Each structure stands twice: as structure tokens, then as C-alpha cells.
Amino acid sequence: MPGAQSSPVSASAVEFRALCTTAIPEVYKFVCRRCGDPDLAKDLTAEAFLAAARRVRDGEPGEVTVAWIKTVARNKLLEHWRRSEREQRRLRLL
């Protein structure tokens, strides 16, 4: 479209895209080995990368690395297990 300007893409956004290309399969395998549920692993991997994208977008301090994303994914899995356990306890009380 004539006269349309595209917004500049920051270097950190370009680096993040490159990281995603290589890291998504690695993080997915990491999560899947721990939970044994491919669908849950996909969801948790997506949540971890969403957190990483927000960190990059917001310019938060600290480098976004594969190790950092794996830590976020592991924490998401722990949250899922805790939430599931709470739900199971509530159901047993009924």
C-alpha cells in the first residue's frame, strides 16, 4: 500500500523469533518428558513462550534464554499439578 509505513522491529524481537525457531521443539520435549501428556505439553510450552514474549515486549531486565523458558515451563507444570490436586480434593469433599 503506497505511503504505508511498517513499524520497525526491534533487535530483541528478531532475536526472540530466532530463539523460538530453535527452542520450541526443545522446550516441548522437556515438558512432555515430565508430564507424559502431549496436549498438556503443547499448552504449557505455549504459556512459557507467551511469558517470554511478554518479557521481551515489555523490555524487562534479564536475558530470555532456553534455560529461562524451560524454568518458566517447569513452573507452569507445577502450577498445573497443584491446581489439579486442589480440584481433586474439592471433588472428594463432595
Side-chain angles (χ1 to χ4, degrees):
M1 188 184 301
Q5 296 179 356
S6 62
S7 60
V9 177
S10 71
S12 59
V14 172
E15 291 170 3
F16 180 66
R17 284 187 197 141
L19 175 69
C20 288
T21 301
T22 58
I24 288 173
E26 184 178 343
V27 173
Y28 170 75
K29 289 176 191 172
F30 171 83
V31 176
C32 198
R33 280 192 307 267
R34 279 151 183 79
C35 72
D37 180 342
D39 292 329
L40 177 59
K42 287 177 189 175
D43 290 343
L44 297 176
T45 299
E47 288 181 28
F49 277 91
L50 181 59
R54 286 182 181 137
R55 185 175 187 169
V56 170
R57 179 198 65 198
D58 296 344
E60 292 179 22
E63 188 177 358
V64 174
T65 63
V66 175
W68 184 85
I69 297 170
K70 283 181 177 180
T71 299
V72 172
R74 182 184 60 84
N75 290 339
K76 298 284 184 188
L77 179 58
L78 291 172
E79 289 171 15
H80 169 78
W81 283 337
R82 288 180 189 128
R83 192 176 325 110
S84 293
E85 182 59 32
R86 280 191 305 268
E87 291 172 5
Q88 290 300 317
R89 280 194 306 261
R90 287 182 192 138
L91 288 174
R92 284 191 295 263
L93 293 174
L94 295 178

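Everything numeric here is computed off the predicted structure, so don't read it as measured data.
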- prompt: Roughly how far, to the nearest 0.5 Å, is CG of Asn75 from NE2 of His80?
  reply: 14.5 Å
Between CG on residue Leu50 and CG on residue Leu44, distance to nearest 0.5 Å: 12.5 Å
message: Give me the atom names and distance for the closest heavy-atom approach of Val64 to Ala52.
response: CG1-CB, 3.8 Å
statement: Closest heavy-atom pair, Cys20 versus Phe49, reported as atoms and distance to 0.1 Å, is SG-CD2, 3.7 Å
task: Drop me the distance from Ile24's CD1 to Lys42's NZ, to the nearest 0.5 angstrom.
output: 13.0 Å
message: I need the Glu87 CD to Leu91 CG distance, nearest 0.5 Å.
response: 7.5 Å
field: For Thr21 against Pro25, the heavy-atom pair lying closest together
entry: O-CD, 3.9 Å
field: Side chain to side chain, Phe30 and Arg74, heavy atoms closer than 4.5 Å
entry: yes
- prompt: Just how far is it from atom SG of Cys35 to atom CG of Leu40, taken to the nearest 0.5 Å?
  reply: 4.5 Å
field: More than 12 heavy atoms of other groups within 6.0 Å of Glu63 CD
entry: no
query: So does Arg86 pair up with Glu79, basic N to acidic O under 4.0 Å?
result: no
- prompt: Can you list the steps and then say if Arg54 with Glu47 is a salt bridge (charged side-chain N to carboxylate O under 4.0 Å, His left out)?
  reply: CA-CA 11 Å; Arg54 286 182 181 137; Glu47 288 181 28; over 6 Å; no
statement: In short, Ala41 meets Tyr28 closest at the heavy-atom pair CB-CE1, 3.5 Å
Residues Ile69, Thr45; criterion side-chain contact (heavy atoms from CB on, under 4.5 Å); working and verdict: CA-CA 9 Å; Ile69 297 170; Thr45 299; over 6 Å; no
task: Determine the minimum heavy-atom distance between Pro38 and Cys32, stating which atoms define it.
output: CA-SG, 3.9 Å
task: State whether the side chain of Arg34 and the backbone N or O of Lys29 hold a donor-acceptor pair below 3.5 Å, judged by distance alone.
output: no
